Amino acid sequence: MRYRLLGPVSVAGAPALAGPKQASVLAALLLSANRVVPEDRLIDLTWGEAAPKSARGRLQVLVSGLRKVVGADVITHRSGGYVAEVGAMERDLDVFEHEVRQATTPQDLRRALTWWTGQPLGGVSEALAARERPALEERRLVVLEDLAELELAAGRHAEVLAELRGLVDEHPLRERLRACLMLALQRCGRSAEALDVYAQAHDVLVEELGIEPGRDLQEVRLRVLRGQGRASSPPSSRSTSGGSPGATANWRRSTRTATAFG
């Protein structure tokens, strides 16, 4: 692996990048690795609406500097844009996704999450961060939700309770996280607190999004009210917070069909 995107943008074993604009050009190329990125898009992602008239020439200078960092054969000009030729598993993002796809245990997912070394796309322009960072952060959150469900399935509700509280405090609109916290509390004999978590979710979702809690969170509330949480499975991934890609597909088929929790 050479290229880091899941934290400050950098190139392993190479000199530090020369500021946010150079980091932005590299990140934009790496996010579309092996595909041509038009010059206009690179300019837009690097300078945003404040792009100067000289932006095209300045882009050429930035690319020239990047070639000295990553190698002249890595970045080439083609069809009105630039392309970064990147091999399999040369980006930390590729390694992360590979490890998530292969994961079958909580430990596997925890190991994959260690590739996140800070806020993704660190050190890039505001324009690039605003457009590309949310999708990366969403991907990490989905994997954290997968991890929470795997831990509950393994009976580690007491061990992950504090971690789940922290995640819910940090991401109050994530229904899957709240559902996991509710089940963990119920299984620890703290049903009243679990119902408080639902009440808080209801208030936050209505106030912030104008919606009621989704079906899965409502079902978990009913489980708690009926005293079923101790024996029930973790919630599914159908909630309004988004689905869960194949990270734990093997686990789900068998059961129902960097750093701990980051």
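Remember, it's a predicted structure, so these values are computed and weren't measured experimentally.
Here E132 pairs with R41 in a salt bridge; the nearest charged N to carboxylate O distance falls below 4.0 Å. Checked for salt-bridge contact, R131 and D44 meet the test: a charged N lies under 4.0 Å from a carboxylate O. We find that E145 and R140 are not joined by a salt bridge, their nearest charged nitrogen and carboxylate oxygen being 4.0 Å or further apart. Look at E151 and R156 and you find a salt bridge, because one of the NZ, NE, NH1 or NH2 atoms lies within 4.0 Å of a carboxylate O, short of that distance. For the pair D94 and R91, the salt-bridge criterion is met [side-chain N within less than 4.0 Å of a carboxylate O].
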With side-chain contact (heavy atoms from CB on, under 4.5 Å) as the test, would you mind laying out the steps for E149 and R176 before giving the verdict?
CA-CA 9 Å; E149 292 183 357; R176 282 180 72 195; 3.1 Å; yes
Check step by step if side-chain contact (heavy atoms from CB on, under 4.5 Å) holds for L113 and V143.
CA-CA 8 Å; L113 286 163; V143 174; 4.0 Å; yes
Output, in order, the C-alpha distance, side-chain angles, deciding distance and verdict of salt bridge (Lys or Arg N to Asp or Glu O under 4.0 Å) for R215 and E175.
CA-CA 10 Å; R215 182 176 63 182; E175 293 193 38; over 6 Å; no
Is there a salt bridge (Lys or Arg N to Asp or Glu O under 4.0 Å) between R133 and E126 once you walk through the steps?
CA-CA 10 Å; R133 185 177 288 155; E126 292 183 5; over 6 Å; no
Given the rule in the side-chain contact (heavy atoms from CB on, under 4.5 Å) test, do L136 and L93 qualify, once you have shown the distances and angles that lead to the verdict?
CA-CA 9 Å; L136 291 174; L93 179 59; 4.1 Å; yes
With side-chain contact (heavy atoms from CB on, under 4.5 Å) as the test, would you mind laying out the steps for L66 and Y82 before giving the verdict?
CA-CA 12 Å; L66 279 175; Y82 293 92; over 6 Å; no
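If you take CG on D203 and CD on E208, they are separated by 11.0 Å, rounding to the nearest 0.5 Å. The CG atom of L177 sits 7.0 Å away from atom CG of L141, with the distance rounded to the nearest 0.5 Å. With rounding to the nearest 0.5 angstrom, the CG atom of L59 is 12.0 Å from the NZ atom of K21. Atom OH of residue Y198 and atom CG of residue L185 lie 16.0 Å apart, to the nearest 0.5 angstrom. With rounding to the nearest 0.5 angstrom, the OG1 atom of T46 is 11.5 Å from the CD atom of E39. For the atom pair CG (L144) and CZ (R139), the distance works out to 10.5 Å, reported to the nearest 0.5 Å.
When all heavy atoms of L152 and A184 are compared, the pair lying nearest together is CD2-CB, 4.0 Å. Residues V25 and L42 come closest through the heavy atom pair O-CD2, 4.2 Å. Taking every heavy atom of both residues into account, L128 and A28 meet most closely at CD2-N, 4.3 Å. The minimum heavy-atom distance linking A112 with E99 is given by the pair CA-OE1, 3.2 Å. Taking every heavy atom of both residues into account, V69 and P15 meet most closely at CG1-O, 4.2 Å. Closest approach of L29 and A84 over heavy atoms only: CB-CB, 3.9 Å.
Residues meeting the side chain to side chain contact (heavy atoms under 4.5 Å, CB included) test with A201, sequence neighbours left out: R178, L217. Taking the salt bridge (Lys or Arg N to Asp or Glu O under 4.0 Å) definition, one finds that E170 meets it with nothing, sequence neighbours left out. Remark: D92 pairs with no residue by the salt bridge (Lys or Arg N to Asp or Glu O under 4.0 Å) rule, at least two apart or across chains.
With L181 as the fixed residue, the side chain to side chain contact (heavy atoms under 4.5 Å, CB included) test singles out one of L167, V197, V160: V197.
Transitive grouping of hydrophobic side chains (ILVMFWY, heavy atoms separated by less than 4.5 Å) keeps L195 and V206 in distinct clusters. Using a 4.5 Å cut-off between side-chain heavy atoms of Ile, Leu, Val, Met, Phe, Trp and Tyr, with links allowed through other members, V83 and V37 fall into different hydrophobic clusters. Transitive grouping of hydrophobic side chains (ILVMFWY, heavy atoms separated by less than 4.5 Å) brings L225 and M182 into a common cluster. Follow the hydrophobic side-chain contacts under 4.5 Å out from L147 and you reach L161 in the same cluster. A chain of hydrophobic side-chain contacts below 4.5 Å, direct or via other Ile, Leu, Val, Met, Phe, Trp or Tyr residues, connects V11 to F96.
Residues R4 and V9 are not in side-chain contact: their nearest non-hydrogen atoms beyond the backbone lie 4.5 Å or more apart. By the 4.5 Å heavy-atom criterion applied to side chains, L5 and P120 are not counted as neighbours. Using a 4.5 Å heavy-atom cutoff, the side chains of L173 and V204 are in contact. Taking the side chain as every heavy atom from C-beta outward, L183 and R223 approach each other to under 4.5 Å. Counting heavy atoms from C-beta on, the side chains of V124 and P20 never come closer than 4.5 Å. The shortest side-chain heavy-atom distance between V168 and R174 does not fall under the 4.5 Å cut-off. Put simply, the side chain of L45 does not reach to within 4.5 Å of the side chain of S125, judged on heavy atoms.
Formation of a donor-acceptor pair under 3.5 Å by the S32 side chain with backbone atoms of R35 is not found in this model. The closest donor-acceptor contact from the side chain of E212 to the backbone of H202 lies at 3.5 Å or more, if one exists at all.
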